[in-house]
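Just so you know, residue 1 is the first one in the sequence shown, and it goes up from there.
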Amino acid sequence: MASSSSSSKSSCFQCHDSTVNSFRNGWRLRNGERAHLCYRCACVYEDGRFCETFHSNDDGWRDCESCGKLVHCGCVVSFNQYFLLDFGGVICMECSKKNLILARNRRYAREFQTDPVDFPDLAKKVQSDSDIQCIPRTNKSVLSPLFEKLLTASDADIRTGRIVIPKKYAETFFPEISEPKGLMMNILDIENKEWKFAFRYWPNCGSRTYVLEGIREFLAVKKLQAGDTVTFYRVEPGGNMAIGIRKTSAVKLPHQVWHLLF
């Protein structure tokens, strides 16, 4: 967590202590800035105990669909601690990672006719330096990360050609839409190529399920699979949206020698 020796804020965002001289950066606010926290509140946030400490009596707590652990989904502080499932419910980040590793191991176990329990944790074999692809930038442009989406099997299904965008991100970072048909958006990829996607929503029991449609060609060209990650950015100046990818499904496997499977 980055520190700042001084802050334009006169008091801690959480406890409102105005006697401190320096603040640490907390979570990202809706206006794009970071919450400024005193040392005590920042330590609780960085240890992952913020909601448990300060929001234990608040609404918005939900059970993880996998392990049953309570996760606070009622505020922006815990955005990075869980995933919204496509058809309702949440799963904590720890269970999401475990399920991804298990699913991947089962897939490769079938490929090599071995027992999944004897397989290594393949996630540790990801070549992050070569797999992470960044959108090219110029000296005059700045990329501000907005959010990441771990692709589910349905997201990566080329037959459907759409990615579900979690409601909290859709309503925070995407244009406001008043009708289900939504609107068309031009989004840049890592090679500065412009793609045209449809941002719309499905009415869902009084709520909305937001989707980015028309991505069949994008999925095919980028060879995206379940378990890969897409990251959405804001390009400044201009405010355009951009999308980057991180290939976590392409890992090295033991088969006489390590090689890449695609």
Set out, in order, the CA-CA distance, both residues' side-chain angles and the distance that settles side-chain hydrogen bond (donor to acceptor under 3.5 Å, both in side chains) for T229 and K149, then state yes or no. CA-CA 6 Å; T229 300; K149 174 67 191 294; over 6 Å; no
If we only count heavy atoms from C-beta on, is the [X] to [Y] side-chain gap below 4.5 Å?
{"X": "L146", "Y": "R28", "answer": "no"}
{"X": "N186", "Y": "N240", "answer": "no"}
{"X": "M185", "Y": "M241", "answer": "yes"}
{"X": "L37", "Y": "V44", "answer": "no"}
{"X": "I245", "Y": "L224", "answer": "yes"}
{"X": "L212", "Y": "I187", "answer": "yes"}

Tell me whether the count of non-hydrogen atoms from other residues, nucleotides or ligands lying under 6.0 Å of CG in D59 goes above 12. no
Counting heavy atoms not belonging to E217, are there more than 12 under 6.0 Å from its CD? no
Y45 vs F50 aromatic rings, parallel, tilted or perpendicular, using cut-offs 30° and 60°? perpendicular
Heavy-atom pair of closest approach, residues [X] and [Y]:
{"X": "R208", "Y": "S178", "result": "NH2-O, 4.1 Å"}
{"X": "F199", "Y": "P175", "result": "CE2-O, 3.3 Å"}
{"X": "H72", "Y": "C51", "result": "ND1-SG, 3.2 Å"}
{"X": "C92", "Y": "C64", "result": "N-SG, 3.3 Å"}
{"X": "I177", "Y": "G182", "result": "CG2-CA, 3.9 Å"}
{"X": "G227", "Y": "L150", "result": "O-CD1, 3.2 Å"}

Is [Y] reachable from [X] through a run of hydrophobic residues whose side-chain heavy atoms are each under 4.5 Å from the next?
{"X": "I215", "Y": "I158", "answer": "no"}
{"X": "L29", "Y": "F173", "answer": "yes"}
{"X": "V221", "Y": "I243", "answer": "yes"}
{"X": "Y169", "Y": "L183", "answer": "yes"}
{"X": "W61", "Y": "V90", "answer": "no"}

Measuring from [X]:[atom1] to [Y]:[atom2], what's the distance to the nearest 0.5 Å?
{"X": "H55", "Y": "E52", "atom1": "NE2", "atom2": "CD", "result": "12.5 Å"}
{"X": "L70", "Y": "D63", "atom1": "CG", "atom2": "CG", "result": "5.0 Å"}
{"X": "R246", "Y": "L151", "atom1": "CZ", "atom2": "CG", "result": "10.5 Å"}
{"X": "K181", "Y": "Y201", "atom1": "NZ", "atom2": "OH", "result": "11.0 Å"}
{"X": "L188", "Y": "E194", "atom1": "CG", "atom2": "CD", "result": "6.0 Å"}
{"X": "R234", "Y": "S144", "atom1": "CZ", "atom2": "OG", "result": "9.0 Å"}

I'd like to know if [X] and [Y] make a salt bridge, using a cut-off of under 4.0 Å between side-chain N and carboxylate O.
{"X": "E46", "Y": "R24", "answer": "yes"}
{"X": "D189", "Y": "K222", "answer": "yes"}
{"X": "E213", "Y": "R200", "answer": "yes"}
{"X": "R40", "Y": "D17", "answer": "no"}

Which residue, T231, I165, T172, forms the side-chain contact (heavy atoms from CB on, under 4.5 Å) with F147? I165
Aromatic contact between [X] and [Y], with the criterion being ring centroids under 6.0 Å apart: yes or no?
{"X": "F197", "Y": "F218", "result": "yes"}
{"X": "Y210", "Y": "W202", "result": "no"}
{"X": "F232", "Y": "F174", "result": "yes"}

Pair K223-K247, side chain to side chain contact (heavy atoms under 4.5 Å, CB included): steps then yes or no: CA-CA 9 Å; K223 299 181 180 179; K247 296 287 293 180; 4.2 Å; yes
Say whether S207 and N204, considering side chains only, have a donor N or O and an acceptor N or O under 3.5 Å apart. no
Looking at A35, is its backbone amide N or carbonyl O close enough to the side chain of N25 to form a donor-acceptor pair, meaning the two atoms are under 3.5 Å apart? no
Walk me through it: do D157 and T160 pass the test side-chain hydrogen bond (donor to acceptor under 3.5 Å, both in side chains)? CA-CA 6 Å; D157 190 342; T160 58; 4.8 Å; no
For the pair C41 and F54, evaluate side chain to side chain contact (heavy atoms under 4.5 Å, CB included) and give the outcome as yes or no after the intermediate values. CA-CA 10 Å; C41 293; F54 297 118; 4.2 Å; yes
